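Note that the structure is a prediction, hence the values are computed from the model and not measured.
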Amino acid sequence: MAYPDHPGESADVLLAWRANGVAHLRFNRPKALNAIDVAMARAFHEACRAIAADEQVRAVCLSGEGRAFMAGGDLAAMREDPQGVAQQLIDGMHGGLRLLAQLKAPVVASVHGAVAGGGLGVALGCDLVIAAEGTKFGIAYPGIGASCDCSTSWGLPRIVGVRKAMELAFLGENFDAAQALDLGIVNRVVPAAELASATDALVQRLAQGPTQAYGHLKRLLRASLQNDLNTHLDAEAAGFRDCAGTQDFREGVAAFFDKRPPVFQGR
């Protein structure tokens, strides 16, 4: 998959850079289809910490170098010490995913090639997913006698329903990008040659949006299946009040009456 030039050494298992308000994280073990090893899991967690501390970040993009987004955990790394290494992988990946879920900035996964096991979980944990035609998705865990991680069992039933999630998880059958779109697992499918440009257009649009409002929307939507109606109405009211005190809200209202596009500053 061809992507625009980016900073970072090829020896890095995770490439991280900022551009125009967007924080980019690219998994970079292409020879292993970006399978997660301990170094990558730790680098992911640290990179997510840096993003969470950076108030200038207004969108986040996750992608994979080479022929795949991510083919799950590195089984070779787990072979000698399955439980010990698995725990280290999970600690790093789950720590990073928790931080991304708490961000105000929207998080986009740009996926291609293989999206399997933990890679599927990472994609499900993002707010939006854009996929290249030809991408192959799979739960993969039953084939190695494991349950899932990386938020797979949290995101999948919320998107496809419990019954379909059970089928996908138990049978472990692969599905393609078109099926993923029908299931709601991805938001958009584009030709492989257009993935980089389509991803850039999407993340730039989000980076120019009302970041504070996005943060409240993320929190409300993620909590909606746990809250009762009264609790959720209170949360909506609190969120709207907070947004009403922002510079972006004042700009949005002014732009509405001026009949022009708003220019949001993320504040």
Side-chain angles (χ1 to χ4, degrees), residues 1 27 29 32-37 40-41 44 61-64 66-78 82-83 86-87 89-90 92-94 96-98 100-101 106-192 195 199 202 218 221-226:
M1 181 60 54
F27 302 110
R29 298 187 69 219
L33 298 181
N34 296 319
I36 308 162
D37 65 0
M40 179 184 283
F44 179 69
C61 180
L62 306 187
S63 61
R67 296 184 294 116
F69 174 70
M70 182 186 289
D74 189 332
L75 297 181
M78 286 185 272
Q83 289 186 315
Q87 189 62 58
L89 300 185
I90 288 169
M93 296 306 295
H94 285 198
L97 289 170
R98 286 189 179 98
L100 294 182
V107 181
V108 175
S110 176
V111 304
H112 70 288
V115 184
L120 178 59
V122 170
L124 289 167
C126 294
D127 301 314
L128 297 174
V129 183
I130 183 169
E133 292 176 348
T135 304
K136 298 295 183 182
F137 300 80
I139 300 293
Y141 296 98
I144 59 169
S147 59
C148 53
D149 57 5
C150 291
S151 84
T152 307
S153 61
W154 189 90
L156 195 63
R158 283 168 168 77
I159 293 170
V160 306
V162 173
R163 186 76 70 191
K164 189 65 178 180
M166 291 284 189
E167 176 189 346
L168 294 172
F170 290 167
L171 301 183
E173 296 173 346
N174 291 339
F175 51 97
D176 62 21
Q179 292 170 301
L181 183 63
D182 288 342
L183 289 167
I185 289 172
V186 305
N187 301 93
R188 299 179 183 181
V189 176
V190 300
L195 179 61
T199 298
L202 177 59
K218 281 180 62 166
L221 291 169
R222 286 176 176 271
S224 63
L225 296 180
Q226 284 79 43

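We find the CZ-CG distance between Phe175 and Asp182 to be 11.0 Å, quoted to the nearest 0.5 Å. From Thr152, atom OG1 reaches atom OH of Tyr141 across 4.0 Å, with rounding to the nearest 0.5 Å. We find the CZ-CG distance between Arg29 and Asn34 to be 8.0 Å, quoted to the nearest 0.5 Å. Distance check: Leu195 CG to Arg188 CZ gives 12.0 Å after rounding to the nearest 0.5 Å.
Counting only distance, with no hydrogens or angles, the side chain of Thr135 and the backbone of Ala177 share no donor-acceptor pair below 3.5 Å. Between the side chain of His94 and the main chain of Cys150, a donor-acceptor pair closer than 3.5 Å is present. In this structure a side-chain-to-backbone donor-acceptor pair under 3.5 Å is present from Asn187 to Val129. Between the side chain of His112 and the backbone N or O of Lys136, no donor-acceptor pair lies under 3.5 Å.
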Worked verdict on Thr199 versus Ser110 for side-chain hydrogen bond (donor to acceptor under 3.5 Å, both in side chains): CA-CA 6 Å; Thr199 298; Ser110 176; 2.8 Å; yes
Would you please test Ile185 and Leu156 for side-chain contact (heavy atoms from CB on, under 4.5 Å) and show each step? CA-CA 8 Å; Ile185 289 172; Leu156 195 63; 4.0 Å; yes
side-chain contact (heavy atoms from CB on, under 4.5 Å) assessment of Val111 paired with Phe137: CA-CA 10 Å; Val111 304; Phe137 300 80; 4.1 Å; yes
Applying side-chain contact (heavy atoms from CB on, under 4.5 Å) to Val115 and Met70, what does each step give before you reach the verdict? CA-CA 5 Å; Val115 184; Met70 182 186 289; over 6 Å; no
Using the rule given for side-chain contact (heavy atoms from CB on, under 4.5 Å), can you reason through Leu183 versus Leu168, listing the C-alpha separation, both sets of side-chain angles and the distance that settles it, and then say yes or no? CA-CA 11 Å; Leu183 289 167; Leu168 294 172; 4.3 Å; yes
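Side-chain contact check for Val107 versus Lys218: some heavy-atom pair is nearer than 4.5 Å. Residues Trp154 and Leu124 have side chains not in contact (no heavy-atom distance under 4.5 Å, counting atoms from C-beta outward). Residues Leu100 and Leu62 are in side-chain contact: their nearest non-hydrogen atoms beyond the backbone lie under 4.5 Å apart. Side-chain atoms of Met40 and Leu89, non-hydrogen and from C-beta on, never get closer than 4.5 Å to each other. For the pair Ile130 and Val108, the minimum side-chain heavy-atom distance is below 4.5 Å. Side chains of Leu221 and Asp127 form no contact here, defined as non-hydrogen atoms less than 4.5 Å apart. Side-chain contact between Met93 and Ile36: present, with at least one pair of heavy atoms (C-beta onward) separated by less than 4.5 Å.
Crowding of Gln226 atom CD: a count of heavy atoms from other residues, nucleotides or ligands under 6.0 Å exceeding 12. Summarising the local packing, CZ of Arg98 is surrounded by 12 or fewer heavy atoms from other residues, nucleotides or ligands at distances under 6.0 Å.
Across every non-hydrogen atom of Ala132 and Ala192, the tightest pair is CB-CA, 3.8 Å. Considering all non-hydrogen atoms of both residues, Ala109 and Cys126 come closest at CB-SG, 3.7 Å. Residues Gly121 and Ser151 approach most closely at O-OG, 3.1 Å, considering heavy atoms. Taking both residues in full, the closest heavy atoms of Ala131 and Val186 are given as CB-CG1, 4.1 Å, listed atom of the first, atom of the second, then distance.
Applying the side-chain hydrogen bond (donor to acceptor under 3.5 Å, both in side chains) test to Glu167 and every residue at least two apart in sequence or in another chain returns Lys164.
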